[in-house]
*Asks:* 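Take this structure first; my questions come after.
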Amino acid sequence: MTISDLLSALRACPIVASVQGSPGSPVDHPEFLLPLAGASRGEGATILRLEGVAAIKHIRPKLGLPVMGLLKRSYEGSEVYVTPTSCEVQELIESGAEMIALDATRRERPGGEKLEDLIKMIKVAGRLAMADCDSVASIHYAMRCGADFVSTTLAGYTRETRLTRGPDLEFIREAVRECDLPVLAEGRFTTPSQAQAALRIGAAGVVIGGAINDPIKQTRAFVSSVSRPTGLVGAVDIGGTWIRFGVFDSTGQLLTTERAELPPTKEEREDWILERVEGSRVTRLGISTGGVVDPASGTVIEAKEIIPDHVGSRFTSAVFGIPTVALNDGLATAWGHACYPDFAGRRVATLALGTGVGCGFVSDMKIMIGPNGNYPRLNDLGALPGETFEDLLGGANIENPTNQDQSRAKLASVRALRTIHAMWMPEVTVLCGGVGLSDWLGIPESGVTVRSPYGADAGLYGAAWLAIMPPCSG
């Protein structure tokens, strides 16, 4: 097989079907993998990615499709496990695989073997060398070593790279820009739209495995997305005035609440939460708070002075001793509303007017969330000349509103709702927060704009649902 043959096959169908069973699963056997591979061929796939000599020898001749072969094998003292040595390369050559995939990172290989020597061995045998890369640096290394094409397989799976939610499209973008060779996008693809994005970026093809050919991974994804805790759940809502703690059962019913004036330091807030966690026997914890909370680390990376000494606060399982999920309060409250039966599965926006102004949007049970947990910045947008929505609608700025304050706030609330509807076209927008639910603001309910069914506890419910049914990562 030549590069020209490969590109021709990818033009016919740019989806490469990776047919591998989870280790130890009932389908991790050539006899079971064969019908899975056959199903992919039946739907148009023209290239397979297979692991293991037994699978390649069993499936390749029966289906007549070219194969990207690899061998996963661990050696003591080396982190490289995808076709790590010349021994695996030779086995794959003898298996008949037209293409051989191997780790192309700069990590030390077993026995000090060199990538360029393995690629030379592959090419002497008349096969194509596929370089599984984790970074632009490894792509450049693979190119210098003579690889025929590269893939983004290892992005997020080495010490030097960060695991992304879903495919690392930014790395794919860099790879296409930096590489003179064909690039295959691979790693955590679960939806057709993600594959479309990779192809539009410039990938020659997309390798998809677990999403189409591994029932273990598919079942695990569904089960984990709907599994609920069996014990009590704790919820924390940290605002600019109060800190609140609630105990919920696993169905989302609020059992008890308490609140205190906001402690002035992150350490005092952490101690306050810990005391209640330990005294309530909750098994999971959700936290809704102002600022930007990185969902990967549970750390507040940006915050306004409305919550003092907030940057650097850590809301993690390690801190509180139980599984913990934390998000910005606008996002968390939006998720809580998306979990309410009347709103579930709908395009639902939340406008939270409390001490500050929060906002969030959920569609198809997915939160609109920016990099590192960023939230929609409606609060900082101009509402009237020289004044933001938070200036006019945040309770910290209108604690005892005059008639003029109320009039301007009403105008700002109308503009905020119009902005939300123009940007996201929600089926329903839910109002909450002390200002949002106040009698004097008087925003009328309609088929599109409703008051929160959670009332004054919307922030707590949002935190609780983060713990009960965490948002899907896709």
Side-chain angles (χ1 to χ4, degrees), residues 1-19 37 40-41 44-51 56 59-61 63-71 82-83 86 88-105 114-155 167 171-187 189 195-209:
M1 188 176 201
T2 66
I3 281 290
S4 179
D5 295 332
L6 170 65
L7 294 177
S8 178
L10 290 172
R11 282 192 291 270
C13 178
I15 298 301
V16 176
S18 180
V19 188
S40 292
R41 184 189 66 170
T46 58
I47 299 175
L48 302 175
R49 179 171 163 114
L50 302 176
E51 194 278 326
I56 295 168
I59 296 171
R60 178 176 168 272
L63 297 186
L65 295 180
V67 166
M68 297 174 181
L70 65 142
L71 266 171
V82 176
T83 318
S86 55
E88 289 76 39
V89 169
Q90 185 58 42
E91 290 181 53
L92 289 167
I93 290 171
E94 293 173 2
S95 76
E98 289 81 0
M99 296 154 279
I100 295 175
L102 69 173
D103 182 311
T105 65
K114 302 299 180 184
L115 179 64
E116 57 262 40
D117 295 332
L118 302 188
I119 289 178
K120 185 180 297 183
M121 185 177 172
I122 292 169
K123 299 179 86 165
V124 166
R127 314 300 166 85
L128 295 179
M130 174 181 179
D132 286 352
C133 298
D134 68 334
S135 64
V136 170
S138 67
I139 286 175
H140 289 160
Y141 177 53
M143 290 169 63
R144 291 195 299 272
C145 290
D148 295 297
F149 59 106
V150 304
S151 72
T152 60
T153 314
L154 296 178
F171 175 44
I172 296 168
R173 212 180 311 274
E174 287 183 297
V176 169
R177 186 166 53 241
E178 295 285 334
C179 187
D180 295 331
L181 304 175
V183 173
L184 291 185
E186 183 172 3
F189 280 88
Q196 287 177 326
L199 294 173
R200 290 303 304 137
I201 287 170
V206 183
V207 182
I208 303 179

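Note that the numbering runs from 1 along the sequence shown for the chain.
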*Asks:* When rounded to the nearest 0.5 angstrom, what distance separates CZ in Arg200 from CD1 in Ile172?
*Replies:* 14.0 Å
*Asks:* Ignoring hydrogens and angles, state whether a donor on the side chain of Asp5 or Ser8 is under 3.5 Å from an acceptor on the partner side chain.
*Replies:* no
*Asks:* Test your reading of the model: is there a side-chain donor-acceptor pair from Asp148 to the backbone of Ala129, 3.5 Å cut-off?
*Replies:* yes
*Asks:* Rounded to the nearest 0.5 Å, how far does OG1 of Thr153 lie from CG of Leu184?
*Replies:* 8.0 Å
*Asks:* Give me the atom names and distance for the closest heavy-atom approach of Cys145 to Leu115.
*Replies:* SG-CD2, 3.9 Å
*Asks:* Working to the nearest 0.5 angstrom, can you tell me the gap between Leu70 CG and Ser95 OG?
*Replies:* 10.0 Å
*Asks:* For a 4.5 angstrom cut-off between non-hydrogen side-chain atoms, does Leu181 reach Ile3?
*Replies:* no
*Asks:* Where is the tightest heavy-atom contact between Thr152 and Ala175, given as atom of each residue plus distance?
*Replies:* CG2-CB, 4.4 Å
*Asks:* Quick one: side chain to side chain donor-acceptor pair (under 3.5 Å) partners of Arg173, sequence neighbours excluded?
*Replies:* Glu170
*Asks:* Rounded to the nearest 0.5 Å, what separates atom CG in Asp117 from atom OG in Ser86?
*Replies:* 9.0 Å
*Asks:* Do Phe149 and Leu7 have side chains that approach each other closer than 4.5 Å (heavy atoms only, starting at C-beta)?
*Replies:* no
*Asks:* Please confirm whether the backbone N or O of Gly96 pairs with a side-chain atom of Arg60, one donor and one acceptor, at under 3.5 Å?
*Replies:* yes
*Asks:* So, does Ser18 use its side chain to make a donor-acceptor pair with the main chain of Val207 at under 3.5 Å?
*Replies:* no
*Asks:* Ignoring hydrogens, what is the shortest heavy-atom contact between Ala101 and Arg49? Give both atom names and the distance.
*Replies:* CB-NH1, 3.5 Å
*Asks:* Measure the CG-CD1 distance between Leu92 and Ile100 for me, rounded to the nearest 0.5 Å.
*Replies:* 5.0 Å
*Asks:* Please check this pair: side chain of Glu51 against backbone of Leu71, looking for a donor-acceptor N/O pair closer than 3.5 Å.
*Replies:* no
*Asks:* Gln90: what forms a side chain to side chain donor-acceptor pair (under 3.5 Å) with it, not counting sequence neighbours?
*Replies:* Glu94
*Asks:* Between Leu118 and Thr83, what is the shortest heavy-atom contact and its length?
*Replies:* CD1-O, 4.3 Å
*Asks:* For the residue pair Ala97 and Arg127, what are the closest heavy atoms and their distance?
*Replies:* O-NH1, 3.0 Å
*Asks:* Of all the heavy-atom pairs spanning Ser151 and Asp132, show the shortest one and how long it is.
*Replies:* OG-OD1, 2.7 Å
*Asks:* Roughly how far apart are Met130 CE and Glu186 CD, rounded to 0.5 Å?
*Replies:* 5.0 Å
